[in-house]
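Right, one structure below, let's go through it.
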Amino acid sequence: MRRLPSQTVCSSCLIAIRQRPLPPRISQPWISERFVSLRQPSKPRPSRMVLSNQVYRPPTGGKSSRPRRQVEGPFGAMNRTVANIDPSRRGPRPRTGSSTEGAKKNDGPRDERKALKMQRALASVSYTKRMSLKDRMGDYDSFDQFDLLPKIKDSLCDELFKGLVDIKPTPVQRLALPAIMGQSAPGQPQKKSSEMESFLLAAETGSGKTLAYLLPAIDALKRAEAEDPDIKAYNERYAAEKEYQRTSNFKGKPFDEPHPTMARPKVVILVPTAELAQQVMNVSKKISHVVKFKTEMLSSDLRPQQIQRNLYGPKGLDVIVSTPHLLASIADSDPNILSRVTHLIVDEADSLLDRSFSPVTTSIIERAMPSLQKFVCCSATIPRKLNNYLATTYPKMHRITTPNLHAIPRRVQLGVIDVSRDPYRNNKDLACADALYTLGKDAQNHEGPVRDEIDVRRVLVFVNEREKTEQLAEYLRGQGIQATALHRDTPEKRPGEILEVFTMAQPLTIKAPEKVGRSRKLDNVKVLVVTDLASRGIDTLAVRHVILYDVPHTTIDFIHRLGRAGRMGRRGRGIVLAGNDDRKDVVAEVKRSMFMGQALI
Ligand SMILES: Nc1ncnc2c1ncn2[C@@H]1O[C@H](COP(=O)(O)OP(=O)(O)OP(=O)(O)O)[C@@H](O)[C@H]1O
């Protein structure tokens, strides 16, 4: 029988692909009228930032797998089929054809923009691999099947998902929880591992990665606490002192012996921004209300006294959420601060291990390594560079990836407005205001949960430059739109408050206007004009619409920005404003990949 070449799709798969339901077409006239002609790029250009297509297994290769003719050294020239000419000594390239224009194209400097490259689907995750992942996920379809402490399970119903019924673990949680805890099958007890284990959690945006790493870490923390002789002795002294004070009507100083965990956390979670630190700390705090442990955050927007209090509070410290720079500088002055860490989590690992953050993040990892039991890297996007780095630094790392990694879910639709055409003629500000007015008008047709009230739409507008946030927000305000700018220099304290409107899950409504007037004032839309500051990890559950004012520099930015809408199974819509200076071919490829449900690699 003739074998199919590896790239060929077999006929049954083709039928399955064709039978997949297609997302409904965008019905808004303003999108269809000004729809960009999505041209196929004639030749894909290389990218400097490429997503990995083999996250589920470490990349193979390296020196040993290179053909001998490519290897340096005495045997390097064997079996060559072409002349071994040093490229630096090669003469000028012969020009093809007579066109000087064409020659310029060949010899000119390469486009150094961080262009996108999305020619391939997640081809190397084979169908068998995908099926086996799906089968494994099916094993755990309730939180009760995990060997978590009962209090932790209670905290899910009583605090985190209060009011929700039938909470099921998400795919990444079904895979990660048993793997990190060492649980072999549903209902089975955990098995302790004597050596340090490392994990890579790679799953789509808004898929519940925070709980996937937090629940096993807290479970291990509480189990270790029950066996810790220092904590046991402290608790006994505390109880005895309390009893003495009660019986003897004691009026002196209360028991003020510092807790053994003071400034010695066991769980450290590193995140890239203060806003994300606050969000993860809020989740951890909610669990701590039921499970009882001490959790704090460290970030640059806290005052020094507050940082001191968070670290050296007499009640101890178990879980700390921090940005790396601050923690590294504290560790410089108090080297023992990381001496008891058993679980270290690097959230948004591709950011924290990239060129700018890497030295400081790795310094923390190295300091914590002697006591470390579990090391978890977590991200929705795994660039090849990070993939290779992890494969060489942590060769035994357990790779937990979900089948749809690097794909934007099909429930998120992408519309494109070509702002180079009439009536905008490259006026992106006007196109943005128009898009927001259309969203507002559309929302007026949807009644809120209370009669005579309408929903308020919360929209994120992403720009590439910090300066543009203020400028655009001011323009939109001038057009009667409630717009706020958020960037790294937004005055202290405000980012949390500003973001709250967009992160709270509760519906936001206003009184329905008697009659939609002609005045240009949009009451039922709240807009946040923001840089990538809000694109990483911020859980904007309430946001269904994201406007990409600028075309993102990389696929990674596309995934994270669009990932703010359509979280946790919700529907969402992205709108890209594509101007003359933007890479429309790139937008077209993203749109096509999203339509096909393919990974953007
Ligand atoms: N099992 C679950 N059932 C329902 N909702 C859940 C579940 N797990 C998490 N969530 C909710 O899903 C939302 C997104 O979770 P989370 O912020 O952890 O996503 P993420 O994968 O870290 O996203 P990102 O990659 O953007 O950081 C949160 O509001 C969280 O409360």
Test item: [X] and [Y] side chains (from C-beta on) under 4.5 Å apart, heavy atoms:
{"X": "Ile269", "Y": "Leu214", "answer": "yes"}
{"X": "Glu500", "Y": "Gln278", "answer": "no"}
{"X": "Ile307", "Y": "Leu326", "answer": "yes"}
{"X": "Ile167", "Y": "Leu156", "answer": "no"}
{"X": "Thr469", "Y": "Leu486", "answer": "no"}
{"X": "Met594", "Y": "Gln598", "answer": "no"}
{"X": "Cys432", "Y": "Val461", "answer": "yes"}
{"X": "Tyr437", "Y": "Ile481", "answer": "yes"}

With a 4.0 Å cut-off on N to O distance, would you call [X] and [Y] a salt bridge?
{"X": "Arg592", "Y": "Asp585", "result": "no"}
{"X": "Lys584", "Y": "Asp418", "result": "yes"}
{"X": "Asp455", "Y": "Arg457", "result": "no"}
{"X": "Lys428", "Y": "Asp582", "result": "yes"}
{"X": "Lys521", "Y": "Asp523", "result": "yes"}
{"X": "Arg536", "Y": "Asp350", "result": "yes"}

- Message: Can you give me the closest heavy-atom contact between Met568 and Leu541, atom names plus distance?
- Response: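 For Met568 and Leu541, the tightest heavy-atom pair comes out as CB-CD2, 4.4 Å.
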
- Query: Do you know which two heavy atoms are closest between Val419 and Gly579, and how far apart they sit?
  - Reply: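 Nearest pair, atom of Val419 first, then Gly579: CG2-CA, 3.4 Å.
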
- Step-by-step side chain to side chain contact (heavy atoms under 4.5 Å, CB included) determination, Lys286 to Met281: CA-CA 9 Å; Lys286 278 188 182 167; Met281 212 268 297; over 6 Å; no

Rounded to the nearest 0.5 Å, how far apart are [atom1] of [X] and [atom2] of [Y]?
{"X": "Thr295", "Y": "Ile287", "atom1": "OG1", "atom2": "CD1", "result": "9.0 Å"}
{"X": "Cys377", "Y": "Ile365", "atom1": "SG", "atom2": "CD1", "result": "6.0 Å"}
{"X": "Ile575", "Y": "Ile547", "atom1": "CD1", "atom2": "CD1", "result": "5.0 Å"}
{"X": "Glu348", "Y": "Cys378", "atom1": "CD", "atom2": "SG", "result": "7.0 Å"}
{"X": "Ile556", "Y": "Thr381", "atom1": "CD1", "atom2": "OG1", "result": "5.0 Å"}
{"X": "Gln306", "Y": "Leu298", "atom1": "CD", "atom2": "CG", "result": "10.5 Å"}

Is [X] reaching over with its side chain to a backbone N or O of [Y], donor-acceptor style, under 3.5 angstrom?
{"X": "Ser155", "Y": "Val291", "answer": "no"}
{"X": "His406", "Y": "Ile382", "answer": "yes"}
{"X": "Asp347", "Y": "Val271", "answer": "no"}
{"X": "Thr362", "Y": "Ser358", "answer": "yes"}
{"X": "Lys292", "Y": "His289", "answer": "yes"}
{"X": "Lys526", "Y": "Val456", "answer": "no"}

- Message: What I want to check is whether the side chains of Ser356 and Asp354 have a donor and an acceptor closer together than 3.5 Å.
- Response: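 Present: a donor and an acceptor within the cut-off.
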
- Do we see a donor-acceptor contact under 3.5 Å between the side chains of Ser300 and His325?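 Not at all, the side chains of Ser300 and His325 share no donor-acceptor pair under 3.5 Å.
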
For the [atom1] atom on [X], are there more than 12 heavy atoms of other groups (residues, nucleotides or ligands in this structure) within a distance under 6.0 Å?
{"X": "Lys168", "atom1": "NZ", "value": "yes"}
{"X": "Arg544", "atom1": "CZ", "value": "no"}
{"X": "Arg477", "atom1": "CZ", "value": "yes"}
{"X": "Arg411", "atom1": "CZ", "value": "yes"}

- How far apart are the C-alpha atoms of Val530 and Phe462, what are their side-chain angles, what is the distance that settles it, and do they pass the side chain to side chain contact (heavy atoms under 4.5 Å, CB included) test? CA-CA 5 Å; Val530 74; Phe462 281 101; 3.5 Å; yes

- Message: Holding to side chain to side chain donor-acceptor pair (under 3.5 Å), I want the full list of residues that pass it with Asn464, two or more places apart in sequence or in another chain.
- Response: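 Asn464: side chain to side chain donor-acceptor pair (under 3.5 Å) contacts with Arg561.
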
- Message: Could you go through Leu317 and Asn310, starting from their C-alpha distance and side-chain angles, then the distance that decides it, and tell me whether this counts as side chain to side chain contact (heavy atoms under 4.5 Å, CB included)?
- Response: CA-CA 8 Å; Leu317 182 58; Asn310 286 354; over 6 Å; no

- Given Thr540 and Arg567, is the side chain to side chain contact (heavy atoms under 4.5 Å, CB included) satisfied, shown in steps? CA-CA 8 Å; Thr540 46; Arg567 296 174 74 73; 4.0 Å; yes

